[in-house]
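In what follows, residues are counted from 1 in the order of the sequence shown.
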Amino acid sequence: KQALYRKDYQAQAEIDEANAGVASYEYQTNFQAFVQRVVNRYFEVLAASNDLEYLQAELDAISRQLNDAKRRYKAGAGTRADLYEAQASYDLAQSQRIVAESVLLDSRDALEEVTNKSYTALADIPEGFEPEFGGPHDLQTWLDAAERDNPELQAARMRIASARHEVELANAGYYPELDLVASYSLEDTGGRFGESETDDRSIALQ
């Protein structure tokens, strides 16, 4: 028995196909989000590293100013207020550098968490790097591409298609069913008039 036309079979197959499309587009959406998270956290590490380098250079400069203030104070050329001001600036720069170190460690941990890898060093952006826009400048082209290729939008369309086929499946009981039915039988019998063989074959639409 082979089904030739079953509305419920057809509707269920279309539902399965639509659901498979939803899963595929959702995977693309999640993958794009993953790539974006990796890129964002990578740049956060670079930014934190640059901030730390800047604050370390600033701390070194303020440290030299503090040493100069101490020497001037000891020599009688500086005031206690100048010394305290230089010390306060140094303490502030020191605390900012400690905070920057913590931010850098946190950003590295965040990158390692999302990639499940640890890094001893990261490639920096080359000096003088300028990003180039490699696409058309026509807004409508980008709108058309977004409508055509956006995986979230495609997944939503597939969900709508699946819902429509669910309605078809619910109404499938009102449709006719058509099957191809075939049978074959072979019977051997014996008796006083001799053996006999019955060979019966049939094929029909039901």
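Applying the 6.0 Å contact sphere to OH of Tyr5 captures more than 12 heavy atoms from other residues, nucleotides or ligands. By the 6.0 Å contact criterion, OH on Tyr174 is open, its count of non-hydrogen atoms from other residues, nucleotides or ligands being 12 or less. Counting non-hydrogen atoms of other residues, nucleotides and ligands closer than 6.0 Å to CD of Gln87 gives a total above 12. Residue-environment remark: CD (Glu197) exceeds the threshold of 12 foreign heavy atoms within 6.0 Å.
Counting all heavy atoms, side chain and backbone alike, Ile62 lies closest to Ala93 at CD1-CB, 3.6 Å.
Between Phe34 and Phe31, the ring-plane angle classifies as tilted under the 30° and 60° cut-offs.
For Lys1, the salt bridge (Lys or Arg N to Asp or Glu O under 4.0 Å) partners two or more places apart in sequence, or in a different chain, are Asp179. In this structure, Tyr54 has no side-chain hydrogen bond (donor to acceptor under 3.5 Å, both in side chains) partners at least two apart in sequence or on a different chain. The side chain to side chain contact (heavy atoms under 4.5 Å, CB included) test applied to Glu130 returns no partner, not counting sequence neighbours. With sequence neighbours excluded, the residues that form a side chain to side chain contact (heavy atoms under 4.5 Å, CB included) with Val45 are Leu104, Ser107, Arg108, Leu111, Leu122. Every side chain to side chain contact (heavy atoms under 4.5 Å, CB included) that Asp106 has, sequence neighbours left out, goes to Ser102. Listed by chain and residue number, Thr115 satisfy the side-chain hydrogen bond (donor to acceptor under 3.5 Å, both in side chains) test with Tyr119 (two or more places apart in sequence, or in another chain). Remark: Thr141 pairs with Asp138 by the side-chain hydrogen bond (donor to acceptor under 3.5 Å, both in side chains) rule, at least two apart or across chains. Thr29 pairs by the side chain to side chain contact (heavy atoms under 4.5 Å, CB included) definition with Pro151, Glu152, not counting sequence neighbours. With sequence neighbours excluded, no residue satisfies side-chain hydrogen bond (donor to acceptor under 3.5 Å, both in side chains) with Glu112.
With a 4.5 Å cut-off on side-chain heavy atoms, Val103 and Asp51 do not count as touching. The side-chain heavy atoms of Leu92 and Gln96, taken from C-beta on, include a pair separated by under 4.5 Å. Residues Asn150 and Tyr25 are not in side-chain contact: their nearest non-hydrogen atoms beyond the backbone lie 4.5 Å or more apart. Two residues are said to be in side-chain contact when any heavy atoms from C-beta on lie closer than 4.5 Å; Arg97 and Glu58 fail this criterion.
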Begin with the C-alpha distance, continue with both residues' side-chain angles, and end with the deciding distance and a verdict on salt bridge (charged side-chain N to carboxylate O under 4.0 Å, His left out) for Glu168 and Arg164. CA-CA 6 Å; Glu168 292 180 3; Arg164 287 174 178 165; over 6 Å; no
Working note: Asp82 + Tyr73, criterion side-chain contact (heavy atoms from CB on, under 4.5 Å); need CA distance, chi angles, decisive distance, verdict. CA-CA 8 Å; Asp82 293 336; Tyr73 179 74; over 6 Å; no
side-chain contact (heavy atoms from CB on, under 4.5 Å) between Thr189 and Glu195: does it pass, once the steps are laid out? CA-CA 6 Å; Thr189 59; Glu195 296 181 354; over 6 Å; no
Tell me, with the steps shown, if Leu66 and Lys70 meet side-chain contact (heavy atoms from CB on, under 4.5 Å). CA-CA 6 Å; Leu66 176 60; Lys70 289 179 179 179; 3.9 Å; yes
Could you walk me through whether Thr79 and Tyr84 pass the side-chain contact (heavy atoms from CB on, under 4.5 Å) test, one step at a time? CA-CA 9 Å; Thr79 64; Tyr84 287 164; over 6 Å; no
Audit row: Gln140, Asp144, side chain to side chain donor-acceptor pair (under 3.5 Å) steps and yes/no: CA-CA 6 Å; Gln140 190 59 45; Asp144 294 340; 2.8 Å; yes
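In this structure, CG in Asp68 is found 4.5 Å from CZ in Arg71, a value given to the nearest 0.5 Å. From Tyr175, atom OH reaches atom CD of Gln10 across 9.0 Å, with rounding to the nearest 0.5 Å.
The hydrophobic cluster containing Phe43 also contains Val38, counting ILVMFWY residues as joined when their side-chain heavy atoms lie under 4.5 angstrom apart, directly or transitively. Hydrophobic clustering (ILVMFWY, side-chain heavy atoms < 4.5 Å, transitive): Leu153 and Leu139 are in distinct clusters. Note on Leu59: it clusters hydrophobically with Leu83, by side-chain heavy-atom contacts below 4.5 Å among ILVMFWY residues. Note on Val181: it does not cluster hydrophobically with Tyr9, by side-chain heavy-atom contacts below 4.5 Å among ILVMFWY residues. Hydrophobic clustering (ILVMFWY, side-chain heavy atoms < 4.5 Å, transitive): Leu46 and Val39 are in one cluster.
Legend: side-chain hydrogen bond (donor to acceptor under 3.5 Å, both in side chains) pairs involving residues 39-50, not counting sequence neighbours: none detected.
Looking only at distances, no side-chain donor or acceptor of Trp142 sits under 3.5 Å from a matching main-chain atom of His137.
Using modelled atom types and a 3.5 Å distance limit, the side chains of Asp60 and Ser63 yield no donor-acceptor pair.
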For residues 154-163, dump all side-chain donor-acceptor pairs below 3.5 Å to protein atoms at least two apart in sequence or in another chain.
{"residue": "Gln154", "atom": "NE2", "partner": "Arg148", "partner atom": "O", "Å": "2.3"}
{"residue": "Arg157", "atom": "NH1", "partner": "Glu147", "partner atom": "O", "Å": "3.1"}
{"residue": "Arg159", "atom": "NH2", "partner": "Glu26", "partner atom": "OE2", "Å": "2.5"}
{"residue": "Ser162", "atom": "OG", "partner": "Asn19", "partner atom": "OD1", "Å": "3.1"}

When the side chains of residues 198-206 are checked against the rest of the protein, which donor-acceptor pairs come out under 3.5 Å, sequence neighbours left out?
{"residue": "Asp199", "atom": "OD2", "partner": "Arg201", "partner atom": "NH2", "Å": "3.4"}
{"residue": "Ser202", "atom": "OG", "partner": "Ser183", "partner atom": "OG", "Å": "2.6"}

